[in-house]
Amino acid sequence: MANANVRVRFCPSPTGNPHVGLVRTALFNWAFARHHGGTLVFRIEDTDAARDSEESYEQLLDAMRWLGLDWDEGPEVGGPHAPYRQSQRMDLYKDVAAKLLEAGHAYYCYCTAEELDARREAARAAGRPSGYDGTCREVGAEDRARYEREGREPIVRFRMPDEAITFTDLVRGELTFTPENVPDFGIVRANGAPLYTLVNPVDDALMEITHVLRGEDLLSSTPRQIALYRALAEIGVGNGSTPSFGHLPYVMGEGNKKLSKRDPQSSLNLYRERGFLREGLLNYLSLLGWSLSADQDIFTIDEMVAAFDIEDVNANPARFDLKKCEAINADHIRRLDPKAFAEACTPWLRAPHANWAEENFDQAAWEAIAPHAQTRLTVLSDITANVDFLFLDEPVEDEASWTKAMKEGSDALLRTARAKIAEADWNAEALKAAVVAAGEEHGLKLGKAQAPVRVAVTGRTVGLPLFESLEVLGRDRTLGRIDAALARLGA
Ligand code: GLU
Ligand code: ZN
């Protein structure tokens, strides 16, 4: 059932390059909002000046735009809860921290790192829970004065309730966290800087987020956030309700290890550079924890939006499979209408990708060959090498291809083929018949007979269907290239 009150958020920290795990989270939030006719809030969690960068912020916005994941509130769009960059909301967080302290939901903790370490070790050795032990929960005036004389600078710590916290995860069902497992936690650094643990739930409360959909790695912070929500409701921050949580499954990479940001295959830029279609990439990423139906892997973004709901997300880890991702992209390339395909290839037919001189590009030849390329590309960047034989003065020199195709007897075969090709009508069918006939004279099947022709004309052993390629290249250039190959073979 549609629920237009849905408010979800995508709230990355601007560190490093966008990666596929992040995109999956953005996609699921976006699809959930669009499915319900609700609102997607895009918030930038840039409270860690040491790690955040403006460049990464720009990349995030650029990625979202390229993917077509539009947001209803956030950077450049604005909205009723602006600003949407946490670095611009610091005063607000400090104010909330002060209120939490005043209401007793938080307290100053004077423990030094050494003291915390020592007690943690002791607890571990004794087999007790090793989280914060509550030492500063009740600090008397005298101790406080002493700590301050000692020059200790306190952090602010949130006081967890002493009872278990239970919630129903939208993906995983009912979960319970007992107090031993969720110790009091820091919310403001000694230098006064508010931490993620505070600002993330505070903003979710203020921005009236109804559903928090995010990666499973954040599951352990959920009981803390729920406790904080309840405290915020008590002190009148936000609208008093707690969002529902749904934790998206881990994405596993090679060797059944979690896909990490550092894995080269997780970088979104790589997919853009290789020429993935946004539809293809999003289709694949949607399968990381969700499916449209058991027998349909390929679908449009609109179809996904129409069907997507968070309850259907699977809790089991998903495996990132680059081969499948590529196969799905290839399918989306085939589905483009021919004009859209030709258009989509344009960047790879120009500098800096094109290895031919700009003025050599021939629009008519491109339009003639494009349909043959469309059914064969996995990624758009492959187009350059597949059509360069049309626009280069000479085919590329690829030694490996040459050695592989030019065997003993290739010169004789090429000579026969040249003669037959020269007499053929200039269309793919007749050209094929010519090469078949040449092969027969030398006792070669078509596959073997066409290899030297292909390398002579295109420079490569693999490429688009050969006879259609010759048809587009034209008689003179085809024969000229075969002659050049014969010369090189010393024939
Ligand atoms: N900024 C947090 C992160 O990137 C957001 C976590 C969340 O969605 O709550 O990990
Ligand atoms: Zn303490």
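Both counts, for ligands and for their atoms, begin at 1 and track the order of listing. By convention here, the first residue in the shown sequence is residue 1.
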Discussion item. Does any N or O of ligand 1 fall below 3.5 Å from an N or O anywhere on V212, backbone included?
Written reply: no
Worksheet item: Which atoms from ligand 1 have a heavy atom of E45 less than 4.0 Å away?
Response: 1 (N), 2 (C), 5 (C)
Worksheet item: Would you say the side chains of T222 and H247 form a donor-acceptor pair under 3.5 Å?
Response: yes
Discussion item. Does only the side chain of L22 get under 4.0 Å from ligand 1, or the backbone, or both, or neither? Count heavy atoms.
Written reply: neither
Discussion item. Side chains of N269 and S267: any donor to acceptor distance under 3.5 Å?
Written reply: no
Worksheet item: In ligand 1, which numbered atoms sit nearer than 4.0 Å to a non-hydrogen atom of R214?
Response: 7 (C), 8 (O), 9 (O)
Discussion item. For D184, run the salt bridge (charged side-chain N to carboxylate O under 4.0 Å, His left out) check against R157, R224, R137 and tell me which one passes.
Written reply: R137
Discussion item. Below 2.8 Å, can you find an N, O or S atom of Y132 next to the Zn ion (ligand 2)?
Written reply: yes
Worksheet, complete the sentence: of all protein heavy atoms, closest to atom 10 (O) of ligand 1 is L218 CD1, 4.1 Å
Item to complete: Could you tell me if any non-hydrogen atom of Y196 lies under 4.0 Å from any atom of ligand 1?
Response: yes
Item to complete: Quick one: look up the protein heavy atom nearest atom 4 (O) of ligand 1 and list residue, atom name and how far away it is.
Response: S13 N, 3.7 Å
Fill in: Donor-acceptor pair between H81 and E73 side chains, under 3.5 angstrom
no
Worksheet item: How wide is the angle at the Zn ion (ligand 2) between SG of C136 and SG of C111, to the nearest 10°?
Response: 100°
Fill in: Residue portion contacting ligand 1 (non-hydrogen atoms closer than 4.0 Å) for T25
neither
Worksheet item: Can you list the ligand 1 atoms lying under 4.0 Å from a non-hydrogen atom of N200?
Response: 5 (C), 6 (C), 7 (C), 9 (O)
Discussion item. For the residue pair R272 and F276, would you count it as a cation-pi contact if the rule is NZ or CZ under 6.0 angstrom from the ring centre and within 45 degrees of the ring axis?
Written reply: no
Practice prompt. Classify the side-chain pair E148/Y110 by whether it contains a donor and acceptor separated by less than 3.5 Å.
Written response: yes
Worksheet item: Is there a donor-acceptor pair closer than 3.5 Å between any side-chain N or O of S56 and the backbone N or O of D52?
Response: no
Practice prompt. Would you mind telling me which of W290, W30, F299 makes a ring-ring contact (aromatic ring centres under 6.0 Å, His included) with F308?
Written response: W290
Worksheet item: Can a non-hydrogen atom of R9 be found less than 4.0 Å from any atom of ligand 1?
Response: yes
